[in-house]
Amino acid sequence: MAASPGPAGVGGAGAVYGSGSSGFALDSGLEIKTRSVEQTLLPLVSQITTLINHKDNTKKSDKTLQAIQRVGQAVNLAVGRFVKVGEAIANENWDLKEEINIACIEAKQAGETIAALTDITNLNHLESDGQITIFTDKTGVIKAARLLLSSVTKVLLLADRVVIKQIITSRNKVLATMERLEKVNSFQEFVQIFSQFGNEMVEFAHLSGDRQNDLKDEKKKAKMAAARAVLEKCTMMLLTASKTCLRHPNCESAHKNKEGVFDRMKVALDKVIEIVTDCKPNGETDISSISIFTGIKEFKMNIEALRENLYFQSKENLSVTLEVILERTEDFTDSAYTSHEHRERILELSTQARMELQQLISVWIQAQSKKTKSIAEGLELSILKISHSLNELKKELHSTATQLAADLLKYHADHVVLKALKLTGVEGNLEALAEYACKLSEQKEQLVETCRLLRHISGTEPLEITCIHAEETFQVTGQQIISAAETLTLHPSSKIAKENLDVFCEAWESQISDMSTLLREINDVFEGRRGEKYGYLSLPKPMKNNANLKSLKPDKPDSEEQAKIAKLGLKLGLLTSDADCEIEKWEDQENEIVQYGRNMSSMAYSLYLFTRGEGPLKTSQDLIHQLEVFAAEGLKLTASVQAFSKQLKDDDKLMLLLEINKLIPLCHQLQTVTKTSLQNKVFLKVDKCITKTRSMMALLVQLLSLCYKLLKKSETRY
């Protein structure tokens with residue numbers, strides 16, 4: 001989910017939201033079937049194209065005719081597989097069964113027609129000089145192909161309606177359970193309902209994640225990633241905020257804190273449905289203004305079009321467009337955080353751009369009445385001058401926003417205010433609380449305004465969406481931290497109130513980290529270094545039987561890539577040491593949890609050695625195989641921990657299940673990555689795999705520690 005624009009978040013039932021992909025499809029649901037439809041369709045289209053592009057008027061040998069027949073048969077077989085998938089979808093969705101079945105029948109008929117028309121035993125051909133003329137009924141093949149593609153499209157559209165319906169149904173289930181959670185009055189009842197809620201959120205994560213993978217529009221993909229990131233982070237917040245309310249039912253700040261979480265989750269759920277259905281509630285329209293960089297890009301395209309057409313648009317429209325752009329620069333010049341030098345330079349460049357436009361319009365008017373070489377050259381010069389002025393303005397705005405963001409991130413890197421709020425909370429110091437709450441509010445306003453400026457210079461729509469998401473997150477989370485801190489200050493001995501404040505502070509710190517990543521990505525786009533680094537981008541669809549391993553040809557990474565892999569490996573090596581320390585604490589070394597943990601640690605250490613060019617793993621294929629075993633071992637571990645959780649009390653059981661819910665999706669995501677072809681980009685695949693493995697090892701260390709503590713607690717109780 002880079003964290004931006006698919007920001008990383010905390011775990012819980014929402015952990016499956018990570019990286020914009022659900023990581024795996026539901027075991028026997030529609031996603032597998034629709035994915036099969038896509039996999040069947042791709043070779044189908046290629047084979048049909050081969051037939052239609054075949055030349056009629058050339059003579060073909062028996063060998064060529066047999067090849068054409070094989071293509072026709074392959075199309076028919078592919079159609080048969082496609083029809084089976086369509087019929088399976090129809091049988092599970094009675095409301096669309098008739099429509100899907102009709103389309104499947106049409107597809108089947110078209111496939112059989114293509115097979116018959118390309119069957120060499122049915123061709124009327126003439127023999128001449130050892131050659132035979134090709135079939136003359138190409139029109140029949142084209143008609144059948146059109147019918148086939150039409151029916152295939154119908155099935156895909158109907159299947160899409162089914163997926164949308166599933167997502168809406170899943171969202172409604174989540175909302176219904178959330179309403180019950182809002183009204184719950186006892187902790188025992190809350191544990192039961194939250195367990196159901198967690199399962200429903202996991203289902204919704206899978207469905208929305210697969211939908212995000214299939215989105216072609218990068219802007220929608222980024223919006224989906226942002227909404228799912230909110231749901232992920234809010235799942236843990238909902239848990240601790242609700243528990244705090246149950247523990248302190250008469251605390252106004254606790255209720256305010258909880259209501260904020262529920263409200264934000266509902267908005268995020270609605271946003272997902274809005275993206276999936278491609279419609280806004282009550283006919284609303286997207287009123288967010290375009291960024292300055294986007295405005296400049298469109299303005300430059302308009303003035304450059306004058307080279308080809310002097311009457312492309314009116315002079316008034318061009319003037320209005322520039323004024324709108326320059327008006328938006330007031331976000332920079334009016335900001336209290338913009339330096340005097342930057343402000344003066346922006347105003348100077350804005351004035352220059354206005355003057356250059358007036359000069360352009362003057363030459364433009366002359367060019368419309370007189371077509372001389374000197375006037376044409378003058379027009380070209382005016383276009384180049386205003387383009388240069390706007391480029392200089394872009395550079396100044398970029399420098400202003402990125403410098404402000406970098407300084408702000410550096411200044412708040414140590415999170416002094418958050419630490420102070422935690423301390424004043426446990427001390428019950430209301431006076432100090434007011435002081436530090438004010439400081440956090442000031443910090444929040446700085447960050448919100450900086451995100452607003454970064455949006456103007458982000459350079460791409462997905463990054464614009466990420467800036468908006470960051471702005472909203474700081475705005476909301478800042479208020480929630482203050483209400484959580486107030487609750488702790490009023491109840492300084494409350495462990496749950498302290499835990500709740502910690503969760504919100506972690507969310508704030510996480511967003512600060514995401515903003516740092518966002519800043520790097522904005523700089524990369526501005527400097528033309530943009531690569532495959534956006535968290536909202538989906539992983540390619542998994543391939544069966546690891547067929548993609550054939551594509552893992554050696555491509556020696558450069559020094560920068562080697563350094564990155566080595567750094568990831570070092571962190572992984574440190575985590576294996578942490579895991580081994582936790583394992584040594586256990587008296588029963590034959591415990592299943594210990595055995596699976598030891599196996600995972602051992603495999604992770606082999607991966608660490610691989611990043612150093614040492615150890616038993618020699619090739620990328622060795623690495624991928626080891627990772628597949630590692631992911632499978634992780635799932636075995638979660639099964640053992642789930643069995644252990646049944647021995648615990650509700651509170652402890654819930655805490656342990658939340659940790660398991662973080663690990664399970666990571667295992668499935670790693671399995672997906674290992675089966676994903678990245679078109680010979682071995683480094684990128686290794687990078688993704690080791691990053692996932694590192695996350696799993698971090699969770700393993702936490703799980704081993706937690707299981708050990710809970711085991712000792714249960715032994716003491718009995």
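On a predicted model such as this, the values are computed, not experimentally measured, just so you know.
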**Report entry** Side-chain ion pair, Glu471 and Arg452, N-O less than 4.0 Å
**Finding:** yes

Query raised in the report: Hey, what do you get for SG (Cys451) to CD (Gln475), rounding to the nearest 0.5 Å?
Result: 10.0 Å

**Report entry** Short side-chain donor-acceptor distance under 3.5 Å, Glu449 and Ser335
**Finding:** yes

Query raised in the report: Do Ser208 and Arg228 have side-chain atoms, one donor and one acceptor, less than 3.5 Å apart?
Result: yes

Requested in this report: Spell out, as yes or no, whether a donor-acceptor pair under 3.5 Å connects the side chain of Ser195 to the backbone of Val191.
Outcome: no

**Report entry** Test: Arg264 and Glu472 ion pair at under 4.0 Å
**Finding:** no

**Report entry** Tyr605 atom OH, over 12 foreign heavy atoms within 6.0 Å
**Finding:** no

Requested in this report: Could you tell me whether Lys256 and Asp263 make a salt bridge, using a distance below 4.0 angstrom between a side-chain N and a carboxylate O?
Outcome: no

Query - Separation of Phe194 CZ from Leu239 CG (nearest 0.5 Å) - result: 4.5 Å

Query raised in the report: With the threshold set at 4.0 Å, does a side-chain nitrogen-carboxylate oxygen contact exist between Asp414 and Lys419?
Result: no

Query raised in the report: Is there a side-chain contact between His248 and Thr244, using heavy atoms and a 4.5 Å cut-off?
Result: yes

Query raised in the report: So, do Phe262 and Leu181 sit near enough that their side-chain heavy atoms are less than 4.5 Å apart?
Result: yes

Report task. Please determine, by modelled atom types, if Asn523 and His398 share a side-chain donor-acceptor pair under 3.5 angstrom. Result -> yes

Query - Polar contact flag, side-chain donor to acceptor under 3.5 angstrom, Asn500-Thr240 - result: yes

Query raised in the report: What pairs of residues pass the ring-ring contact (aromatic ring centres under 6.0 Å, His included) test when at least one of them lies in residues 210-243, not counting sequence neighbours?
Result: none

Query - Check: Phe474 main-chain N/O paired with Thr477 side-chain donor or acceptor under 3.5 Å - result: no

Query raised in the report: Just how far is it from atom OG1 of Thr460 to atom CG of Leu463, taken to the nearest 0.5 Å?
Result: 3.5 Å

Report task. May I have the step-by-step check of side-chain contact (heavy atoms from CB on, under 4.5 Å) for Phe293 and Ser458, ending in yes or no? Result -> CA-CA 8 Å; Phe293 272 29; Ser458 56; over 6 Å; no

**Report entry** Check: Glu509 main-chain N/O paired with Ser513 side-chain donor or acceptor under 3.5 Å
**Finding:** no

Requested in this report: Have a look at Lys266 and tell me which of Glu179, Glu182, Glu259 forms a salt bridge (Lys or Arg N to Asp or Glu O under 4.0 Å) with it.
Outcome: Glu182

**Report entry** Spatial distance of atom CG (Leu408) from atom CE (Met515) [nearest 0.5 Å]
**Finding:** 6.0 Å

**Report entry** Residue Lys585 excluded, over 12 heavy atoms near NZ under 6.0 Å
**Finding:** yes

**Report entry** Lys/Arg N to Asp/Glu carboxylate O, Lys221 vs Asp217, below 4.0 Å
**Finding:** no

Query raised in the report: Can Lys439 and Glu435 be counted as an ion pair, charged N to O under 4.0 angstrom?
Result: yes

Report task. Enter the distance from Lys410:NZ to Ser516:OG here, rounded to the nearest 0.5 Å. Result -> 12.5 Å

Query raised in the report: CD1/Ile593 to CG/Leu700 distance, rounded to the nearest 0.5 angstrom?
Result: 10.5 Å

Requested in this report: Evaluate whether atom NZ of Lys444 has more than 12 neighbouring non-hydrogen atoms of other residues, nucleotides or ligands under 6.0 angstrom away.
Outcome: yes

Requested in this report: Establish, from distance only, whether the side-chain atoms of Glu464 and Thr294 form a donor-acceptor pair under 3.5 Å.
Outcome: yes

Query raised in the report: Would you call the rings of His456 and Phe332 parallel, tilted or perpendicular if under 30° counts as parallel and over 60° as perpendicular?
Result: tilted

Query raised in the report: Does Glu274 come within less than 4.0 Å of Lys220, counting only side-chain N to carboxylate O?
Result: no

Report task. For Ser510 and Glu506, indicate whether the former's side chain and the latter's backbone hold a donor-acceptor pair under 3.5 Å. Result -> no

Query raised in the report: Going by heavy atoms in the side chains, are Val202 and Ile664 under 4.5 Å from each other?
Result: no

Donor-acceptor pairs are to be reported for all side-chain atoms of residues 479-490 against protein atoms at under 3.5 Å, with residues two or more places apart or in another chain.
| unit_1 | atom_1 | unit_2 | atom_2 | d |
| --- | --- | --- | --- | --- |
| Ser483 | OG | Asn257 | ND2 | 3.1 |
| Ser483 | OG | Gln480 | O | 2.9 |
| Thr487 | OG1 | Ser253 | OG | 2.7 |
| Thr487 | OG1 | Ala254 | N | 3.2 |
| Thr487 | OG1 | Ser483 | O | 3.0 |
| Thr489 | OG1 | Ala485 | O | 2.7 |

